[in-house]
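Note sheet for the following structure.
Just so it is clear, the model here is predicted, and its values are computed rather than measured.
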Amino acid sequence: MTLYVFNANIVCKTILSREGKSLPVNSFENYPMPWIPDKEKLKSPIYISIAELLEQDIQSGKLAGNTKLPPQRELADFLDLNLSTITRAFKICENKGLIYANIGQGTFVSPNAAIPFLHKANNGCVELGIIRPFYQYNKIVADIAQKTIQRNTSQYLFEFDSISESYKHKQTAIKWLKSFHIETEPENIMLTAGTQNALTIVFLALFHSGDKILTDSYTYSNFIGLARQLNVQLISVAADEDGMIPDLVEKQCRIMDIKGIFLMPSCNNPTGTVMSMERKRKIASLIQQYHLILMEDDAYGFIANDTGEPIQTLIPDNTIYLHSLSKSLSAGLRCAYMVIPDCLRQTFLETANNVNLKIPLLNAEIISELIASGNAGRIIGQKKRQAKERNRIYKKYFPDSICPNEYSFFQWLPLPAHYNGYQLEMQATDNGIHIFCSDRFTVGKAESTAIRIATCSPDSLQQLETGLKTLKHLLDKNQQYISQANFII
């Protein structure tokens with residue numbers, strides 16, 4: 001005999017046993033759930049299978065960014081499983097950055113989980129998305145490279161490893177880093193093939209699957225991708241005009257087991273926020289208090305205004321300092337200086353040797369020659385003058401969202417709340433311009449919607465102006481027809 005009891009959410013079937021006892025069985029017939037996994041596809045271990053199905057539906061686009069997932073207890077009831085099974089499945093996806101939880105609000109799909117990371121513009125599009133740091137100055141780099149190859153001793157640059165050559169390049173790095181307030185020794189420097197390469201070494205050496213790292217709410221997209229691939233969980237912390245908010249850092253450290261923190265204090269990518277010296281001191285104090293490892297990315301330190309010293313100078317024993325030369329000198333050379341504290345030096349050397357993530361000596365030689373000859377300084381000076389001129393053009397079209405740093409290579413343009421960033425990105429491509437929406441840089445819940453505009457990337461000032469004019473026209477047109485536009489939520 002079956003009785004039915006109704007409540008506001010779930011139909012509860014009550015089955016009477018032979019002994020006359022009522023055995024409730026939940027029925028989800030006609031009950032709306034934002035995500036319903038296919039029971040027929042579940043296999044042991046069940047929690048991994050659920051995580052895989054959820055990941056598939058997110059990556060395929062079936063579950064859009066910011067979709068609220070069903071409460072874990074309801075999902076457990078629906079699948080007739082223990083709550084702990086669902087919790088373990090959700091934790092796997094959370095560690096991968098596919099979903100995020102808001103206390104008291106529920107669990108949501110991450111905004112950038114299903115967005116292609118390598119979206120490329122169509123031929124003929126004005127490039128305002130990917131950062132191309134003034135490629136026209138690669139001619140200077142090419143001239144230096146040609147002279148380097150023509151030397152009588154150039155054959156040594158093709159050896160797998162040369163201790164004497166590596167030491168020479170580290171000495172050059174020491175002199176270069178002094179201009180950025182970094183004092184270090186050769187044994188504490190590692191030459192890597194760019195920041196992404198350096199971060200890979202850091203992750204492999206210091207972090208494990210499930211570890212938690214604090215980041216800005218909007219941060220370097222490749223860092224997000226790397227953390228997701230290695231199942232390291234990123235925890236977002238909101239920022240104000242001075243950078244990451246200390247009180248929120250401390251709150252997260254009190255309630256979670258945080259292992260590290262990733263910051264770009266000299267110029268956050270993508271927002272352009274520059275951290276004040278006072279804020280750096282407060283953050284440094286918290287890093288020491290909670291024994292965190294700081295990954296300080298100083299890729300844009302060469303364009304920073306006088307904002308004081310890097311955080312590394314305050315807490316060198318807690319900091320992995322990353323200084324890329326890709327944006328300042330040449331993106332194609334893929335070179336970065338990584339400064340490691342004494343206590344971690346052996347761990348990093350073993351990790352780098354095991355995975356063979358060393359920079360080719362030829363690249364290191366070209367970089368060192370650029371620095372020694374003074375060409376590095378000249379390239380940076382010319383890039384800064386170009387950036388200043390391009391930001392002046394940007395200000396003509398978007399005067400209310402100009403970055404305070406006049407040398408910034410990109411701009412952060414906030415959009416009205418009703419915009420869907422990725423759909424706007426696609427619409428812009430159809431109109432001949434390539435931009436990146438804020439979803440690509442978002443960790444956890446999106447605070448707002450914006451686009452990053454790489455003013456350094458177009459080949460000329462005229463091309464930049466064409467792109468900005470097109471973007472301004474597109475945004476104005478969308479505002480006029482707000483109720484009819486396809487990208488409006």
*Side-chain contact test, heavy atoms from C-beta onward, threshold under 4.5 Å: evaluate it for P270 versus F436 and give yes or no.*
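P270 vs F436: side chains apart.
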*Do W35 and L53 have side chains that get closer than 4.5 Å, going by heavy atoms?*
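When only atoms from C-beta onward are counted, L53 and W35 do touch, with a gap below 4.5 Å.
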Listed by chain and number, what are the ring pair (Phe, Tyr, Trp, His ring centres under 6.0 Å) partners of [X], not counting sequence neighbours?
{"X": "F398", "value": "Y394"}
{"X": "Y300", "value": "F410"}
{"X": "Y100", "value": "F108"}

Please report, to 0.1 Å, the donor-acceptor pairs under 3.5 Å made by any side chain of residues 310-320, with sequence neighbours excluded.
| from | atom 1 | to | atom 2 | distance (Å) |
| --- | --- | --- | --- | --- |
| T313 | OG1 | E309 | OE1 | 3.0 |
| T313 | OG1 | P310 | O | 2.7 |
| N318 | ND2 | L292 | O | 3.2 |
| T319 | OG1 | I315 | O | 2.8 |

*Quick one: salt bridge (Lys or Arg N to Asp or Glu O under 4.0 Å) partners of D342, sequence neighbours excluded?*
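For D342 the salt bridge (Lys or Arg N to Asp or Glu O under 4.0 Å) partners, ignoring immediate neighbours, are R345.
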*Partners meeting salt bridge (Lys or Arg N to Asp or Glu O under 4.0 Å) with K472 (sequence neighbours left out)*: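 Scan of K472 (salt bridge (Lys or Arg N to Asp or Glu O under 4.0 Å), adjacent residues dropped) gives D476.
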_Pairs where residues 49-76 contributes a residue and the test ring pair (Phe, Tyr, Trp, His ring centres under 6.0 Å) is met, not counting sequence neighbours_ =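 Every pair satisfying ring pair (Phe, Tyr, Trp, His ring centres under 6.0 Å) with a residue in residues 49-76: there are none.
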*asked:* Taking ring pair (Phe, Tyr, Trp, His ring centres under 6.0 Å) as the cut-off, I'd like each qualifying pair that reaches into residues 237-283, sequence neighbours left out, listed once.
replied: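 Counting only pairs at least two positions apart or across chains, the ring pair (Phe, Tyr, Trp, His ring centres under 6.0 Å) contacts touching residues 237-283 are F223-F262.
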*Mind jotting down which residue pairs meet the side chain to side chain donor-acceptor pair (under 3.5 Å) criterion with at least one end in residues 43-53? Sequence neighbours excluded, please.*
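For residues 43-53: Y47-R88.
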*For residues 233-247, which residue pairs qualify under side chain to side chain donor-acceptor pair (under 3.5 Å), counting only residues two or more places apart or in two chains?*
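Passing the test, one end in residues 233-247: E94-Q233, D240-R279.
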*Answer yes or no for K327 and F134: cation-pi contact, defined as NZ/CZ to six-membered ring centre under 6.0 Å and angle to ring axis within 45°.*
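Judged by the rule, K327 and F134 form no cation-pi pair.
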*Among all residues two or more places apart in sequence or in another chain, which pass the side-chain contact (heavy atoms from CB on, under 4.5 Å) test with N354?*
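By the side-chain contact (heavy atoms from CB on, under 4.5 Å) rule, N354 matches no residue at all.
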Atom pairs and distances, donor-acceptor, side-chain atoms in residues 193-204, under 3.5 Å, two or more places apart:
| from | atom 1 | to | atom 2 | distance (Å) |
| --- | --- | --- | --- | --- |
| Q196 | NE2 | N222 | O | 3.2 |
| T200 | OG1 | Q196 | O | 2.9 |

